[in-house]
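Okay, so here's the structure we're looking at.
Residues: numbered from 1 along the sequence shown.
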Amino acid sequence: MSEQPRTPTLAVALQYDGETAPKVTAKGAGDIAEQILAIAREHDVPLQDNPELVKVLSKIELGDQIPEALYLAVAEVIAFAYMLKGKVPKGYGE
């Protein structure tokens, strides 16, 4: 029985300022992805495992905003992160 090759880990970091569309601030595969994840854990950044979304986000250039087609998917990730931190977006409930 042969061992199947392992798919490298992918990671994408997003920055969201609450004013403009989220931007891709870091991305990588393999060791770089592991470093991105380690830094996120070290700084208590919420992580979400969504391989399909990461695959799409990894095609966006560093520093670029996410395209409108991904707003809903990324909004769900941001909502998840806010919930974990006990935060609400600016202007929510006003």
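- With sequence neighbours left out, the side chain to side chain contact (heavy atoms under 4.5 Å, CB included) criterion links A26 to A13, I36.
- The side-chain hydrogen bond (donor to acceptor under 3.5 Å, both in side chains) pairs that include a residue from residues 55-75 number zero, where partners must be two or more places apart or lie in different chains.
- Within 6.0 Å of CD1 on I32 lie no more than 12 heavy atoms contributed by other residues, nucleotides or ligands.
- Sorted by first and then second residue, the salt bridge (Lys or Arg N to Asp or Glu O under 4.0 Å) pairs involving residues 14-29 (not counting sequence neighbours) are E19-K90.
- Under the side chain to side chain contact (heavy atoms under 4.5 Å, CB included) rule, V12 has a single partner from V24, V56, L53, which is V24.
- Across all non-hydrogen atoms, the minimal contact from V74 to P22 is CG1-CG, 3.8 Å.
- The closest side-chain heavy-atom distance from T25 to L62 is not below 4.5 Å.
- Here Q48 pairs with V77, F80 under the side chain to side chain contact (heavy atoms under 4.5 Å, CB included) rule; sequence neighbours left out.
- Applying the salt bridge (Lys or Arg N to Asp or Glu O under 4.0 Å) test to residues at least two apart or on different chains, the pairs with a partner in residues 36-52 are D44-K85.
- Scanning both residues, G28 and A33, for their nearest heavy atoms gives O-CB, 3.3 Å.
- Counting heavy atoms from C-beta on, the side chains of L14 and I78 never come closer than 4.5 Å.
- Here I60 contributes atom CD1 and L70 contributes atom CG; the two are 5.5 Å apart, rounded to the nearest 0.5 Å.
- Taking A40 as the reference, V45, L47 meet the side chain to side chain contact (heavy atoms under 4.5 Å, CB included) condition, with sequence neighbours excluded.
- Put simply, L37 and V54 are part of two different groups of oily side chains (I, L, V, M, F, W, Y) that touch within less than 4.5 Å, one to the next.
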